[in-house]
Amino acid sequence: MDLKSGSTSPVLTDASSMNNTRLGIHSALMPYSHNGPAFSPTLFLTIPRKRPGLLDDVRSSLLDAMKSSSPTHNKITKESNTETPQSDGDLAYRNWMFKYPSALSSFEQIANIANGKRIALFLDYDGTLSPIVDNPELAFMSNAMRVAVSNVAKYFPTAIISGRNRDKVYEFVGLTELYYAGSHGMDIMGPVRPSNSDNKNCIKSIDKQGKEVNLFQPASEFLPMIDEVYKSLLEITKDIVGAKVENNKFCVSVHYRNVEEKSWNTVGHAVQEILKEYPRLRLTHGRKVLEVRPVLDWHKGKAVEFLLESLGLMDCDDVLPIYVGDDRTDEDAFKVLRDGKRGYGILVSSMPKESNAFYSLRDPSEVMEFLNTLVMWKKRSVL
Ligand SMILES: O=P(O)(O)OC[C@H]1O[C@H](O[C@H]2O[C@H](CO)[C@@H](O)[C@H](O)[C@H]2O)[C@H](O)[C@@H](O)[C@@H]1O
C-alpha cells in the first residue's frame, strides 16, 4: 500500500475543534477528494509533554471527561432500547435535530444522492447494533438486527468497525459475509489486494471459512505491552467494586459503568498510575469506559480508508461511504468522511451532542429501520 503523508489530526476529536460548518448542499454532492488515503509516513503520534505541577488539573479534567463520557445510564425502555431523554431533553433533542436531521426522515435526500452510486457501509457495534447494557459480555444484538445487517450486506459491501477484540465482535455478530475491524481499527480482516502486498503491517491469512484474507495489524508490536497492562489493570482495579477490565487485544477497556460515582476518581487514578509506566500508551474515552491504547496515528477513520482502499473503492467518484456509530471513537470516522467530502456519518444518539456526523438516529432500533429502508430502496431501484 502506498503510504502517503497524513492529513488526519492525531489529536482526539474535541467538540470545540469540530468543523461545524453545515453546508447548504451536502458535501457528498460535491466531487470526491482524490487525495488518497491519509496514512502517515510513521504511524506514531507525537507525545505531548505535560507541564509539571498540573497533576491536579489533569485529575479533575479526567474526572470531568469520565462524567461526560456517556449520558446517564437511565433505565432502558423495552420498546426502543434507548436511554430515555427527559422531557426538557426532548425539546433540546428536537432542536438538535435541525443540525443533525434524522437519517430516516431524510432518507429521500440520502437516496437521491446515493442514486447511481455504490454505497459502502461501515457499522460500529456497541450502542449502534446492540443496545448499551451494564455487562459488556451480554451486549448481544437482536436476531432482527442480524437479519437486517445480513440483508444490507447482500447489496452493499459492509464492515463492522469496533473497539472490541475482533474475534469477540465476530462472535456477537456471527455473519461471515462482512468485513471486521477490531481494536478501533487496529486489527482489520479484509480482502487481499495487490496494493497491500508490500505493506509490512499486512499479512495474508485464512479466515474461518478457509478464504484467503488480508490481516492488517499496525499495532502488532504492542501486543506484549497491552497484555502486560491488561494484567496490571486487573490487579490495580480488583478492589474497586463494579470496575471491569476488558482485553481488546490491541487496547484495553476499563469500564466504570457499574462503579459508584464517588469511586470514579479511584478508577481514573488507577489507570493514570499504570500509564505513567508506559509512555507509548495513551488514554481515550468511550461510554463509561477508559481505553488504553498505543500512541499510534491510527483510528476508526483510518480503518475506513484502509477498507475502502482494500475494497477497490477508494478513489471512485461513484462510491458513497456511510458510517453509523454512537461513540467518541466514531467521530474519527465521521471526520474522515466529512473532511474528504465523501459520504455521510450518522450519529446514533438519544441525547444532543456535537458531532462530525451529518445525520442522526436515536438508537439501535432506528439503525435497524434505516438498514431495512436501505435494502427496500435498493430492491426497488434494481427492478
Ligand atoms: O466501538 P464499539 O463497538 O462501540 O465498542 C466500544 C466499546 O464498547 C463496549 O463498551 C460499551 O458497551 C458496553 C455494553 O453495552 C457497556 O457496558 C459499556 O459501558 C460501553 O462502554 C465494549 O465493552 C468496549 O470494549 C468497547 O471498546
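Since we're looking at a predicted model, the values are computed, not measured. Start at 1 and go down the list; that is how both ligands and their atoms are numbered.
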> For atom 2 (P) of ligand 1, grab the closest protein heavy atom and report residue, atom and distance to one decimal in Å.
Asp124 OD1, 2.9 Å

> Provide the number and element of each atom of ligand 1 under 4.0 Å from a heavy atom of Val289.
21 (O)

> Quick one: which ligand 1 atoms are inside 4.0 Å of a heavy atom on Ser162?
1 (O), 2 (P), 3 (O), 5 (O)

> Take every heavy atom of Cys251, measure it against each atom of ligand 1, and state whether any distance is under 4.0 Å.
no

> Provide, to 0.1 Å, the distance between atom 10 (O) of ligand 1 and the closest protein heavy atom, together with that atom's residue and name.
His255 CE1, 3.4 Å

> Under 6.0 Å from the CD atom of Glu108, do we count more than 12 heavy atoms belonging to anything else shown?
no

> Going by atom types alone, do Glu228 and Tyr278 pair a side-chain donor with an acceptor below 3.5 Å?
yes

> Starting from atom 16 (C) of ligand 1, what is the nearest protein heavy atom, named by residue and atom, and what distance separates them?
Val133 O, 3.3 Å

> With heavy atoms of Glu291 as the reference, note each atom of ligand 1 found under 4.0 Å away.
26 (C), 27 (O)

> Check whether any N or O atom of Gly286, backbone or side chain, sits under 3.5 Å from an N or O atom of ligand 1, and answer yes or no.
no

> Quick one, Tyr359 with Leu347, criterion side chain to side chain contact (heavy atoms under 4.5 Å, CB included). Give me CA distance, side-chain angles, the key distance, then yes/no.
CA-CA 6 Å; Tyr359 291 104; Leu347 174 68; over 6 Å; no

> Is the closest side-chain donor-acceptor distance between Gln209 and Thr176 under 3.5 Å?
no

> Can Ser253 and Asn248 be counted as having a side-chain donor-acceptor contact under 3.5 angstrom?
yes

> Less than 6.0 angstrom from the centroid, inside 45 degrees of the normal: does Arg146 satisfy that with respect to the ring of Phe172?
no

> Who's the nearest protein heavy-atom neighbour of atom 6 (C) of ligand 1, and how far?
Asp327 OD2, 4.0 Å

> Output the list of atoms in ligand 1 that are nearer than 4.0 Å to some heavy atom of Arg257, sorted by atom number.
16 (C), 17 (O), 18 (C), 19 (O)

> Is any NZ, NE, NH1 or NH2 atom of the basic residue among Lys276 and Glu273 found under 4.0 Å from an Asp or Glu carboxylate oxygen of the other?
yes

> Starting from atom 20 (C) of ligand 1, what is the nearest protein heavy atom, named by residue and atom, and what distance separates them?
Arg287 O, 3.2 Å

> Could you check atom 8 (O) of ligand 1 against the protein and tell me its nearest heavy-atom contact, residue, atom and distance included?
Asp126 OD2, 3.0 Å

> Could you tell me, atom by atom, which parts of ligand 1 come under 4.0 Å of a heavy atom of Glu246?
22 (C), 23 (O), 24 (C), 25 (O)

> Just jot down the ligand 1 atoms closer than 4.0 angstrom to any heavy atom of Asp134, in number order.
17 (O)

> Would you give the length of the straight line joining atom CG of Leu290 to atom NE2 of His255, rounded to the nearest 0.5 angstrom?
10.0 Å

> When you measure from the centre of the six-membered ring of Tyr170, is the NZ or CZ of Lys168 closer than 6.0 Å and no more than 45° off the axis?
no

> Please identify which atoms of ligand 1 are closer than 4.0 Å to at least one heavy atom of Ser253.
24 (C), 25 (O), 27 (O)

> Step through the shown structure and confirm whether more than 12 heavy atoms of other residues, nucleotides or ligands are within 6.0 Å of CD on Glu177.
yes

> Check each atom of ligand 1 against the heavy atoms of Pro131 and keep those under 4.0 Å away; list them by number with element.
15 (O)

